[in-house]
Amino acid sequence: MSYWKPICLLILPAAALAISAGQQPSVGSSKGAARNAPGQVVHITLPGIPGEVLPGPGVQVYSNNCLICHSARYVNMQPNFTREVWEKEVRKMVVAYGAMISDADQRRIVEYLVAVRGVPGSK
Amino acid sequence: MDTLPRRRFVASLASSAGAIVARRAFGAGFGISSAPEATSLSDEASRTLARYPQKTDLILLTDRPPQLETPLRYFRTDLTPNDAFFVRWHLSGIPTTVDVQSFRLEVNGRVSKPLSLSLSDLQSKFEPVSVVALAQCAGNSRTLFEPRVPGGQWGNGAMGNARWTGVRLKDVLDAAGVLAGAVQAGFRGLDVPPQPKTPAFEKSLQLDHARDGEVMIAYEMNGEPLPMLNGFPVRLIVPGWYATYWVKALSSITVLDQPLKTFWMDTAYRIPDNSGANEEPQHLSSATVPINRMPVHSIFVQPGSGEQLRVGQRYELAGVATDGGSGIRRVETSNDGGQTWSDATLGPDLGKYSWRRWQADWTPVTKGKYRLMVRASSASGETQPTTQWNRSGYQRDIIEHLDVVVS
């Protein structure tokens, strides 16, 4: 959508450039946050954080379908859940969040999730 | 992706470094001198930290979209520093560039005079107001629910207390001229869905609430522009209500003549329709309502979970108590698992929407295991329950405990 404006990149103020380069304000203050001067473009560059995809059966199907919208940490941070919980989560991604995942791939993704974050002993 | 050189941002903080920082902040309280530092098992020691632009090292839940939790040691001051304030986005298309000159907040729908307001308009054409208010994620403390539930796996650090400065939403709506028959106002920000069918993040408030004179559009946080990840250039402030309503990078207000129909109001962020947001895993509540005002709750900031304490030493127990807008009247602690309670000392009162810090002295006289507990009551007489569970891990307000070993 529309707030991306190529011209922004040409007139970045010094403060925003400092932020982009990873210089950090000190704890307890917000120095480094840019002021709201007219004409100013504020820009941040998100850090590239390694993905840490957990190995497991069907990891490629999981990666291709799920990591379009969110990183693997969405799964990695979860405790272990039953298959029933993971089936509901995958359905939620399709029904509520509009993820376009075939029925076959949904089943493979559930298998992956049960393998990496399933409850031991539960089917 | 960007082409600028950057250093590696992810690092596990060594426990020694964490202890050094914690010691410096310890005792920065109110009227009670500092006590010995316990061997710390802080919330940072076992979790991955990440540093995002305009932010300090925060606990990394997820990187895309970012969900960053505030380490508890930042809760030893009344106002949470902007760079330590928690971050929670829903959709991966988050704003990273804002052209302040061309940014507009659109106000439209059932109004007589649609507005297109620049940041300068907001800062110059409306009366500025300030409030200290707690922002708290609906799922704060989710990891403490048993049985565990899926969702952002937050400890107690998905909240922060800040002084917000901006304009009254009422004044903006009045300038737009709300038409008869309007019932709600809907709010959207600059974040965009990652897929065509992903519902855009949009929340609504009843019009009476939106016009209560307390709901704000904030352009400053603790006297500075908001960090990008906390909603630059402006965000909605709904004092007393969970932060899911505090739409970040607010870009659109639509006055509605019927309630907003969206996943984010109708399916997500709903709690069982009872006073304690309670249900049982085997008997889920069929009636649910959108989460709303925060109940009274209190947590320990120190000592940390599992800390090793020494007999005969004096310790400061400390934490924060929070509620949804009447203010904190009383905080009590127990060191015997809730059999006896004594009053804690309350910190400064920064207003009814602020959290309230608390402190209590404790000198364990015998070795052994202790269950510390804390409970708060609000000015309106609200108290905390002893049990609570719901499927989404929302609205945690149970009386919390902390198990420590004294040797």
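Throughout, protein chains are lettered first and strands after them, A, B, ... in sequence-line order, and every chain is numbered starting at 1.
Taking every heavy atom of both residues into account, B/P150 and A/E89 meet most closely at CG-OE2, 3.5 Å. A pairwise comparison of heavy atoms in A/F81 and B/R148 identifies CE2-O, 3.4 Å as the closest pair. What you find for A/I68 and B/Q195 is that their closest heavy atoms are CG2-NE2, 3.2 Å. A/Y74 and B/W89 make their closest contact through OH-O, 3.9 Å (heavy atoms, listed as atom of the first residue, atom of the second, distance).
A distance of 11.5 Å separates CZ in B/R64 from CD1 in A/I49, rounded to the nearest 0.5 Å. Taking CD from A/E52 and OG1 from B/T48, the interatomic distance works out to 6.5 Å, rounded to the nearest 0.5 Å. Rounded to the nearest 0.5 Å, atoms CE (A/M100) and NZ (B/K197) are 7.0 Å apart.
Of the two parts of A/Q78, the backbone and the side chain both hold a non-hydrogen atom closer than 4.5 Å to a non-hydrogen atom of chain B. If you measure heavy-atom distances from B/W264 to chain A, the contacts under 4.5 Å come from the side chain alone. With a 4.5 angstrom heavy-atom cutoff, B/P193 does not touch chain A via any of its atoms.
With B/S92 contributing its side chain and A/H70 its backbone, the two residues share no donor-acceptor pair below 3.5 Å.
Interface remark: of the candidates B/P196, B/A268, B/G151, B/G151 forms the most heavy-atom pairs closer than 4.5 Å to chain A. Most heavy-atom pairs under 4.5 Å with chain B, from the set A/N80, A/N76, A/L67: that is A/L67. Counting heavy-atom pairs closer than 4.5 Å to chain A, the top-ranked of the candidates B/P147, B/P65, B/P199 is B/P65.
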Any chance you could lay out the side-chain contact (heavy atoms from CB on, under 4.5 Å) test for A/R73 and B/L60, step after step, and finish with the verdict?
CA-CA 9 Å; A/R73 283 191 170 79; B/L60 178 67; 3.3 Å; yes

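Inter-residue side-chain proximity for A/P47 and B/R51 is flagged as unmet; no heavy-atom pair is nearer than 4.5 Å.
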